[in-house]
Amino acid sequence: MLRSVFLAAADSSRLGRMFSTASLGRNVAGRFVAGSGVDDALRVARGLADDGLAVTVDHLGPEVTTAEQAGQTRDEYVGLLGRLKSAGLTPAAEVSVKLSALGQRIDDKLAFEYALSVCAAAAEAGTSVTLDAEDHTTTDATLEVLAGLRKDYPSTGAVLQAHLRRTEGDCRELASAGSRVRLCKGAYAEPESVAFQSALDIDKAFVRCLNILMSGEGYPMVATHDPRLIAIAEDRARWFDRSADEYEFQMLFGMRAEEQGRLAAGGNIVRVYLPYGEQWYGYLMRRFAERPAAVAQIGRALTTRK
Ligand SMILES: Cc1cc2nc3c(=O)[nH]c(=O)nc-3n(C[C@H](O)[C@H](O)[C@H](O)COP(=O)(O)OP(=O)(O)OC[C@H]3O[C@@H](n4cnc5c(N)ncnc54)[C@H](O)[C@@H]3O)c2cc1C
C-alpha cells in the first residue's frame, strides 16, 4: 500500500516541486543524495574513499525527451569524469548511467553514440561505466548497447534484475571472463508475465542468479542491502573460491552505512552508489517505496538532531 503511494508520488511533478523547495525536503535528500552539483558529488565521494569505500556516481537529471537534453547528459558525465580524475578519485570511483538519460527513448543509435563518448571519457580517466537497468521494455536494447560498448570498452558494467524471469539466462550469457555484472532485485513495478512478484520468489531468483555469476568467470557486483542475501553471497564467494578482489558488494548512499563499513573492514570491496543532481525527488520517493520504514527513521533523526 505505502509502496504504491510513494511510487505514485515519485511521478507527481506538483508534489515534486513542493517537496524539493521545502527545507525539510532538502534535509531529507541530504541523507541519500550527495547534493545538487558536481562539487557535492566530489566532496562526498572523497569522504567515502577516505573511509575505504569505492564509489559509483550517478547524475540525477531531468527526464530526457530531446536529443539536446541527451547531449547535456553526455556533457555532464564527461565533465564529471574529468573532475573525478583531477581529484585523484579514479579508478576507485566509476560512474553509473541510464541509457534513457542519453536519449534511448528518442533514438537507440544516438544513445549508443553518447554512451560511447562517456565510455571514452571514463577510459581517459582510468575508470569504467556501468549501464543502470531500467524497466523490462528496455532490457534487450540495453544489452545490445552493452555488447557494442564492450567491443571497445570491455570493462563496461551491466545490471541484471533478479525479479525478471529472463535474468537467469542473461546471467549465463554475461558470466564470461572480464564481464562486470551488477545483480540487484529490480526497482521497477513489472507485470507478472515478465517478473516474479513475491518477495520470496524474487529472493530465490536472486540466489539462482548469484550461483551462476559466482561460479562463472566474470566479476559479480552484488547490489543489495538484504542481510540474508549478503550472507549467501559471502558463502558462495567462499564456496567458489573467489578472493576478495574477484567480486564486490554494492549499496546505495545513506543505506546501511554500518554494514558497508563492516564488509569493508572484513576486506571486501564495497561500492557505494552515489547520486547527485537537481532531480533528486523521484529518486528519493523510489527509495521510500522500497523501504517505508526509512521514512519514520529519518523523521526521528531530523527531529532529535535539533
Ligand atoms: C548499488 C545499487 C544499484 C542499483 N541499481 C539498480 C538498477 O540499475 N536498476 C534497478 O532496477 N534497481 C537497481 N537497484 C535497486 C534494487 O533493484 C532494489 O530495488 C533495492 O536495492 C532494494 O532491494 P534490496 O535487495 O536492497 O533489499 P530489500 O528488498 O529492499 O530489503 C530486504 C531486507 O533487507 C533489509 N534492509 C534493507 N534496507 C535496509 C536498511 N536501510 N536498513 C536496515 N535493513 C535493511 C531488511 O531486512 C529488508 O527486509 C540498485 C540497488 C543498489 C544497492
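A distance-only check finds a donor-acceptor pair linking the side chain of D135 to the backbone of T137 [under 3.5 Å]. In this structure, D203 contributes its side chain and L200 its backbone to no donor-acceptor pair below 3.5 Å. The main-chain N or O of A175 is never found under 3.5 Å from a side-chain atom of S179 such that the two would form a donor-acceptor pair. Judged by distance alone, the side chain of Q197 and the main-chain N or O of H163 form no donor-acceptor pair under 3.5 Å. Not one N or O on the side chain of R83 forms a donor-acceptor pair closer than 3.5 Å with the backbone of A41.
Linking ILVMFWY side-chain heavy atoms closer than 4.5 Å, directly or via other members, places L146 and F112 in a single hydrophobic cluster. Under the 4.5 Å side-chain heavy-atom criterion for grouping Ile, Leu, Val, Met, Phe, Trp and Tyr, F32 is not connected to M251 through any hydrophobic cluster. Cluster annotation: L60 is not connected to V129 through the hydrophobic network of ILVMFWY side chains, with a link wherever side-chain heavy atoms come within less than 4.5 Å.
Under the salt bridge (charged side-chain N to carboxylate O under 4.0 Å, His left out) criterion, E248 pairs with R271, sequence neighbours left out. Annotation: side-chain hydrogen bond (donor to acceptor under 3.5 Å, both in side chains) contacts of E124 (sequence neighbours excluded): none. Remark: D108 pairs with Q104, A141 by the side-chain contact (heavy atoms from CB on, under 4.5 Å) rule, at least two apart or across chains. Take T224 and apply the side-chain contact (heavy atoms from CB on, under 4.5 Å) test, not counting sequence neighbours, and it matches K185, F206, V222, D226, L229, I230.
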Show me the donor-acceptor pairs, under 3.5 Å and distance only, between side chains in residues 252-261 and residues at least two apart or in other chains.
{"unit_1": "R256", "atom_1": "NH1", "unit_2": "H225", "atom_2": "O", "d": "2.8"}
{"unit_1": "E259", "atom_1": "OE1", "unit_2": "R262", "atom_2": "NE", "d": "2.9"}
{"unit_1": "E259", "atom_1": "OE2", "unit_2": "R262", "atom_2": "NH2", "d": "2.9"}
{"unit_1": "Q260", "atom_1": "NE2", "unit_2": "L252", "atom_2": "O", "d": "3.3"}
{"unit_1": "Q260", "atom_1": "NE2", "unit_2": "M255", "atom_2": "O", "d": "2.7"}

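Distance OG/S193 to CZ/R165: 7.5 Å, rounded to 0.5 Å.
Residue pairs meeting the salt bridge (charged side-chain N to carboxylate O under 4.0 Å, His left out) criterion with at least one member in residues 139-163, sequence neighbours excluded: D140-R166.
Between L143 and L174 there is a side-chain heavy-atom pair separated by less than 4.5 Å. Within the 4.5 Å cutoff, side-chain heavy atoms of E234 are placed close to those of N268. Using a 4.5 Å heavy-atom threshold, the side chains of P191 and H136 count as touching. Between V207 and K204 the shortest side-chain heavy-atom distance does not fall below 4.5 Å. Contact annotation: the side chain of R105 approaches that of E134 to within less than 4.5 Å [non-hydrogen atoms, C-beta and beyond]. Side chains of P220 and R236 form no contact here, defined as non-hydrogen atoms less than 4.5 Å apart. For the pair L149 and L131, the minimum side-chain heavy-atom distance is below 4.5 Å. Side-chain contact check for L89 versus V55: every heavy-atom pair is 4.5 Å or farther apart.
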Take Y77 and H59 through the test side chain to side chain contact (heavy atoms under 4.5 Å, CB included) and record every step on the way to the result. CA-CA 8 Å; Y77 273 95; H59 177 247; 3.7 Å; yes
Derivation of the side chain to side chain contact (heavy atoms under 4.5 Å, CB included) call for Y247 and M214: CA-CA 8 Å; Y247 66 100; M214 284 286 189; 3.9 Å; yes
For R182 and D132: C-alpha separation, side-chain torsions, deciding distance, then whether side chain to side chain contact (heavy atoms under 4.5 Å, CB included) applies. CA-CA 9 Å; R182 175 194 300 159; D132 280 342; 2.8 Å; yes
Using the rule given for side chain to side chain contact (heavy atoms under 4.5 Å, CB included), can you reason through S36 versus E278, listing the C-alpha separation, both sets of side-chain angles and the distance that settles it, and then say yes or no? CA-CA 5 Å; S36 53; E278 284 293 345; 3.3 Å; yes
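Each of T156, T127, T56 was checked for a side-chain hydrogen bond (donor to acceptor under 3.5 Å, both in side chains) with E94, and the lone residue meeting it is T56.
The local environment of CZ in R208 is crowded, with over 12 non-hydrogen atoms from other residues, nucleotides or ligands closer than 6.0 Å.
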